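Here the structure is a predicted model, which is why all the values come from computation and not from measurement. We count ligands from 1, going down the list as the structure has it; atoms in each ligand are counted the same way.
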Amino acid sequence: MTDKPRIDPKKEMAVYGYEKMVKSHCRMCHGGCGVFIFLKKGRVMRIVGDPDCPISFGTLCPKGLASAQLAYHTDRITHPLKRIGPKGSGRWERISWDEALKILADKIMDYKEKFGPESIVLGYGTGRENEGVIYRFANTLGTPNVLTAGHFCYGPRVATGIITCGSLPVVDYANNPRCLMVWGNNVVISNPDEYKGVYFSKLMDKKPKLIVVDPRLTKIASEADIWLQLRPGTDAALALGMMHVIVTEGLYDKDFVEKYVHGWEPFVERVLAYPPERVSQITWVPEEMIRQAARLFATTKPAAIQWGVAIEQQVTCSENNRALMALLAITGNIDRPGSQVLFTPPPIRTVSEFGAHKLLSPEQREKRLGGERFRLAHNFAIINPRAVWEAILYESPYPVKMLFFISSNPLLTRGNSKMVYEALSKVEFMAVSDFFLTPTAQMADIFLPSATWLEMDYIGDFWKRHGFVVARQKAIQVGECRSDHEILNDLANRVGLERYWWPDFKHALDYILEPAGITWEQFKEMGHLKGEMRYEKFKEKGFSTPTRKFEIYSTLLEKWGYDPLLDHREPPESPISTPELLQEYPYILITGRRLPGFFHSENRQIGLLRDLHPDPTVEIHPDTAKAHGIQEGDWVIIKTKRGEIRQRARLFLGIHPKVISAEHAWWFPEKDSMGAWDESNVNILTDNSYEACDPKMGATHVRSLLCNISKA
Ligand SMILES: Nc1nc2c(c(=O)[nH]1)N[C@H]1C(S)=C(S)[C@@H](COP(=O)(O)OP(=O)(O)OC[C@H]3O[C@@H](n4cnc5c(=O)[nH]c(N)nc54)[C@H](O)[C@@H]3O)O[C@H]1N2
Ligand SMILES: Nc1nc2c(c(=O)[nH]1)N[C@H]1C(S)=C(S)[C@@H](COP(=O)(O)OP(=O)(O)OC[C@H]3O[C@@H](n4cnc5c(=O)[nH]c(N)nc54)[C@H](O)[C@@H]3O)O[C@H]1N2
Ligand code: SF4
Ligand SMILES: [Mo]
């Protein structure tokens with residue numbers, strides 16, 4: 001890796017005759033990469049990485065490079081629409097913003113009066129940096145129901161981090177961990193959340209010890225000192241086995257444990273129930289490798305864990321997250337340079353302050369769908385999607401009448417798509433804000449054309465835990481598109497909430513920045529802000545938990561009626577929990593690995609990116625494929641108890657012969673108005689029943705199911 005500047009914007013403008021350059025930050029994924037946007041006659045000509053960006057060091061991925069292809073795509077909807085045919089028919093008429101917002105405002109006022117604000121559910125998918133405004137709208141309106149992907153993505157990490165040690169601890173790449181354990185994360189492709197893959201790549205130049213925990217041989221796993229190829233869905237057991245070695249061999253940080261950890265004795269008792277022999281049987285990882293990995297991790301200081309979403313999309317979601325935090329704590333790798341640290345955010349309003357959670361009354365809060373069942377999620381304003389579908393379909397515990405999805409495609413991206421389809425078919429009124437008429441949008445009554453990152457002023461990386469915020473500046477206007485922030489601000493003003501909002505959303509940016517003593521005009525010149533980092537903050541004031549200690553034994557989980565310790569639970573479907581299914585469904589199915597050109601269901605219509613990966617593919621070990629007469633590239637039927645779909649075979653030696661890995665969120669914009677949403681959509685196969693969810697967080701278990709395959 002090199003971080004030398006490769007571009008001089010001034011020269012670039014002179015050579016190519018660009019008329020303007022705007023500095024901004026990409027957000028084709030969770031965002032963060034600094035860019036120069038070059039324009040001519042008001043159009044984007046080229047986007048180049050900014051070498052001075054402390055998050056991306058000048059690098060960009062294929063999605064970022066294709067941003068203009070998204071913004072100017074001929075299928076993009078650039079004015080509001082009202083549906084005039086049946087749901088899914090693809091028949092729409094153009095309307096004005098005024099009419100669209102009036103229809104929405106009338107519906108909101110009407111449902112609020114007749115059924116209470118809780119009958120209106122707002123929704124978004126993964127982090128788009130519109131979360132703050134969406135929660136603010138919901139909280140000021142009085143509905144506790146915001147449906148996100150937070151039950152099984154990132155939300156669990158933050159929620160468990162807060163109850164365990166006050167915040168989410170993340171890798172301190174800047175101080176070069178000497179041992180990195182990458183656990184269920186493919187950081188060089190997914191560039192997830194806090195970090196871009198470039199941080200990982202730069203660290204690799206320093207040759208740290210690398211341990212990888214992944215059922216598939218990723219590029220990263222192929223470079224590891226130790227690769228633990230575990231059985232999908234057994235992460236908590238593996239972590240417990242490693243901690244068994246660390247505890248029984250006395251490799252833990254005794255000083256840290258004694259002074260700063262709550263619940264050591266009961267924790268040790270639990271860990272002793274997981275000797276490597278037992279853990280090896282559960283996880284398929286050889287005993288000796290568990291010992292080696294545990295020793296390497298515990299004895300190389302500083303060490304850190306880069307973990308990902310795979311461990312969250314499991315029935316043991318909360319345990320998995322807490323187990324990795326426990327591994328860090330007992331080895332003394334918390335809040336020390338080069339370990340896993342609690343970054344200090346810049347001194348601006350926090351995303352939860354901006355989200356106005358305090359304005360929701362206690363009575364309305366208690367009405368949060370699924371709140372009683374999933375206490376951990378409820379405490380972080382997160383809901384399980386099934387609870388919403390049930391409220392629509394069975395009006396239980398009360399009816400949900402209106403859905404407003406702002407940047408989400410739930411028909412493709414939530415468990416059990418058939419149930420999602422039923423709920424979207426039944427709901428009385430639905431609005432969608434998106435760039436394209438996705439399969440979900442096709443079921444809406446009103447479509448609102450949203451602005452891409454090139455078309456908005458906003459404060460990026462606002463919700464992340466790496467201590468940065470970045471300036472995102474508007475470079476272009478496309479058609480009548482408007483940012484979600486502006487849309488919700490205007491809508492709020494139409495439904496009597498003006499006292500909590502602004503005459504124009506641009507004032508909100510100054511409001512967010514106010515505690516830092518700067519205005520938006522100043523911030524956009526600065527480009528980014530970083531909170532001041534101090535290490536070992538626990539030495540001065542302990543951890544921000546009820547006991548002021550690192551709660552390896554969670555007093556809050558105990559208070560909410562859960563096991564305060566860690567444990568392994570078998571996945572709802574597995575060779576051990578449901579052996580009776582093995583005859584018909586002999587393979588373990590992983591659903592959803594990240595692909596470089598796509599972002600979940602996005603970018604299937606962008607030629608540049610679709611060409612990288614034209615069809616959905618399913619990874620199968622060559623021996624397994626052979627047994628079914630399947631060859632590379634064949635269409636394969638993948639079947640679970642709940643349904644079947646098709647994807648093309650990719651024969652892959654790096655996967656266990658008993659494991660199959662299918663891609664998620666596939667639809668085909670080129671096919672029919674509904675984009676053949678049920679043909680290759682992996683969530684036709686997943687289970688969203690409550691028994692298949694993590695009991696604390698409500699995470700849907702989509703990472704290890706039982707399936708069978710056959711040649712199509
Ligand atoms: N089986 C299975 N299912 C999964 C996963 C898995 O691994 N396996 N992964 C899950 C995870 S981790 C997540 S986070 C979810 C993601 O779930 P979603 O967020 O619902 O997924 P996307 O396909 O990204 O849908 C986002 C939609 O918003 C639009 N969009 C993008 N940016 C904006 C914007 O700024 N404003 C507006 N209004 N629209 C915008 C896009 O065009 C797209 O149609 O999927 C989950 N689903
Ligand atoms: N290009 C691109 N980037 C993205 C996204 C995208 O769709 N496309 N999505 C974004 C979102 S919302 C998210 S949440 C992140 C997710 O980013 P990552 O966390 O990197 O997610 P995945 O690539 O789905 O899964 C990571 C690894 O987990 C492994 N895995 C599967 N099952 C298990 C298991 O049971 N245990 C363990 N230990 N490992 C398992 C998979 O083999 C895979 O290599 O990526 C973000 N970035
Ligand atoms: S990693 Fe994300 S922010 Fe960076 S260029 Fe790619 S899409 Fe944009
Ligand atoms: Mo996600």
Side-chain angles (χ1 to χ4, degrees), residues 25-35 47 49 55-56 59-67 70 123-130 148-150 152-154 182-193 196-198 212-218 220-221 228 230-235 238 307-314 320 405-415 432-436 438 440-441 448-453 456 483-484 487 571 590-603 655 659 661-665 681-683 685-686 700 702-704:
H25 291 86
C26 177
R27 214 242 43 222
M28 286 286 277
C29 69
H30 294 139
C33 295
V35 293
I47 296 173
I55 292 171
S56 54
T59 60
L60 293 180
C61 83
K63 300 186 299 304
L65 290 167
S67 299
L70 173 80
Y124 64 87
T126 187
R128 301 295 172 176
E129 308 188 312
N130 51 16
T148 73
F152 71 165
C153 172
Y154 196 70
V182 179
W183 198 305
N185 191 227
N186 203 359
V187 58
V188 288
I189 289 182
S190 54
N191 296 297
D193 313 311
K196 304 295 121 191
V198 60
V212 173
V213 182
D214 198 305
R216 300 167 46 248
L217 184 68
T218 56
I220 298 177
L228 306 177
L230 85 172
R231 169 164 70 96
T234 61
D235 297 84
L238 181 61
W307 77 88
V309 83
I311 65 155
E312 298 187 315
Q313 301 181 332
Q314 299 183 15
N320 294 346
F405 282 114
I406 304 151
S407 65
S408 187
N409 195 358
L411 200 47
L412 278 304
T413 54
R414 303 302 195 282
V432 164
S433 161
D434 205 299
F435 311 138
F436 297 97
T438 64
T440 299
L448 304 175
S450 186
T452 69
W453 67 272
M456 67 172 84
S483 76
D484 300 321
I487 297 173
I590 302 175
T591 74
R593 62 171 180 281
R594 275 44 180 163
L595 303 169
F598 300 139
F599 198 72
H600 303 289
S601 70
E602 289 168 55
N603 307 344
I655 197 164
V659 179
S661 169
E663 291 167 5
H664 76 299
N681 170 7
V682 95
N683 280 316
L685 308 180
T686 54
T700 320
V702 299
R703 288 286 167 140
S704 61

Shortest protein heavy-atom distance from atom 47 (N) of ligand 2, along with the residue and atom involved: S190 O, 2.7 Å
message: Given D484, L448, N603, T126, identify the one with the heavy atom nearest to atom 19 (O) of ligand 1.
response: T126
- prompt: Among all protein non-hydrogen atoms, which one is nearest to atom 5 (C) of ligand 1, and what is the separation to 0.1 Å?
  reply: H664 CD2, 3.4 Å
- prompt: At what distance is the nearest protein heavy atom to atom 10 (C) of ligand 1, and which residue and atom is it?
  reply: Q313 NE2, 3.4 Å
- line: A student checking ligand 1 against T438 at a 4.0 Å heavy-atom cut-off should list atoms 44 (O)
- prompt: If you measure from each non-hydrogen atom of S408 to ligand 1, which part falls under 4.0 Å: side chain, backbone, both or neither?
  reply: both
field: Contact partition for C153 relative to ligand 1, non-hydrogen atoms under 4.0 Å
entry: side chain
query: Does ligand 2 have a heavy atom under 4.0 Å from the side chain of A665, from its backbone, from both, or from neither?
result: neither
message: Could you tell me, atom by atom, which parts of ligand 3 come under 4.0 Å of a heavy atom of C29?
response: 1 (S), 2 (Fe), 3 (S), 7 (S)
field: Non-hydrogen atom of R703 closer than 4.0 Å to ligand 1
entry: yes
field: Within-shell test, R231 vs ligand 2, heavy atom, strictly < 4.0 Å
entry: no
field: S704 heavy atom under 4.0 Å from ligand 2
entry: no
- request: Identify which of D434, N409, L685, T413 has a heavy atom lying nearest to atom 29 (C) of ligand 1.
  value: D434
message: So for ligand 1, is N130 a polar contact partner (N or O within less than 3.5 Å, distance only)?
response: no
- request: Among all protein heavy atoms, pick out the one at the shortest distance from atom 43 (C) of ligand 2; state its residue, atom name and that distance to 0.1 Å.
  value: D214 OD2, 3.3 Å
query: Out of curiosity, is L595 lining ligand 2, as in a heavy atom under 4.0 Å away?
result: yes
query: Looking only at protein heavy atoms, which one is nearest to atom 2 (C) of ligand 2, and how far off is it?
result: F598 O, 3.2 Å
query: Just heavy atoms, cut-off under 4.0 Å: does N185 contact ligand 2 by side chain, backbone, both, or neither?
result: both
- request: Among all protein heavy atoms, pick out the one at the shortest distance from atom 37 (C) of ligand 2; state its residue, atom name and that distance to 0.1 Å.
  value: D235 OD2, 3.3 Å
- prompt: Looking at CD1 of I406 and CD1 of I487, how far apart are the two atoms once the value is rounded to the nearest 0.5 Å?
  reply: 8.0 Å
query: Should you measure from each heavy atom of L230, which atoms of ligand 2 turn up under 4.0 Å away?
result: 36 (N), 37 (C), 38 (N)
query: What do you reckon, does R414 put a non-hydrogen atom under 4.0 Å from ligand 1?
result: yes
task: Give the contacting part of V682 toward ligand 1: side chain, backbone, both or neither, where contact means a heavy-atom distance below 4.0 Å.
output: side chain
query: Using heavy atoms and a threshold below 4.0 Å, how should the contact between A149 and ligand 1 be classified: side chain, backbone, both, or neither?
result: side chain
- prompt: Could an N or O of ligand 2 be found under 3.5 Å from any N or O of R216, whether backbone or side chain?
  reply: yes
message: Tell me the protein heavy atom at minimum distance from atom 35 (O) of ligand 2, and give that distance in Å.
response: G233 N, 2.9 Å
- prompt: Of all the atoms in ligand 1, which lie at a distance below 4.0 Å from a heavy atom belonging to S450?
  reply: 36 (N), 37 (C), 38 (N)
- prompt: Side chain or backbone of T452 under 4.0 Å from ligand 1, or both, or neither, by non-hydrogen atoms?
  reply: neither
query: How far is atom 26 (C) of ligand 2 from its nearest protein heavy atom, and which residue and atom is that?
result: G184 O, 3.4 Å
- line: Under 4.0 Å between heavy atoms, the region of F152 that gets near ligand 1 turns out to be side chain
- line: shortest atom 15 (C) of ligand 2-to-protein heavy-atom contact is with R594 NE, 3.8 Å
field: Protein contact of atom 33 (C) of ligand 1 - nearest heavy atom, named by residue and atom, plus distance
entry: F435 CZ, 3.3 Å
- prompt: How far is atom 9 (N) of ligand 2 from its nearest protein heavy atom, and which residue and atom is that?
  reply: H600 NE2, 3.2 Å
- request: May I ask you to check whether H30 and F599 place their ring centres under 6.0 Å from each other?
  value: yes
- prompt: Under 3.5 Å, N or O to N or O, is G592 touching ligand 2 that way?
  reply: yes
message: Please list the nearest protein heavy atom to atom 23 (O) of ligand 1 with its residue and the distance rounded to 0.1 Å.
response: S601 OG, 2.4 Å
message: When you measure from the heavy atoms of K63 to every atom of ligand 2, does any distance fall below 4.0 Å?
response: yes
- request: Would you mind checking which non-hydrogen protein atom is closest to atom 32 (N) of ligand 1, with the distance to 0.1 Å?
  value: R27 NH2, 3.0 Å
message: Can you tell me which portion of V702 lies within the under-4.0 Å heavy-atom range of ligand 1? Options are side chain, backbone, both, or neither.
response: side chain
- prompt: How about C26: does one of its N, O or S atoms come closer than 2.8 Å to atom 8 (Fe) of ligand 3?
  reply: yes
task: Please could you name the atoms of ligand 1 that S433 approaches to less than 4.0 Å, counting only its heavy atoms?
output: 37 (C), 38 (N), 39 (N)
- prompt: Hey, is E312 touching ligand 1 through its side chain, its backbone, both or neither, going by heavy atoms under 4.0 Å?
  reply: neither
- prompt: Which ligand 1 atoms are under 4.0 Å away from a heavy-atom of N683?
  reply: 1 (N), 2 (C), 3 (N)
- prompt: Could a heavy atom of G31 be found less than 4.0 Å from some atom of ligand 3?
  reply: yes
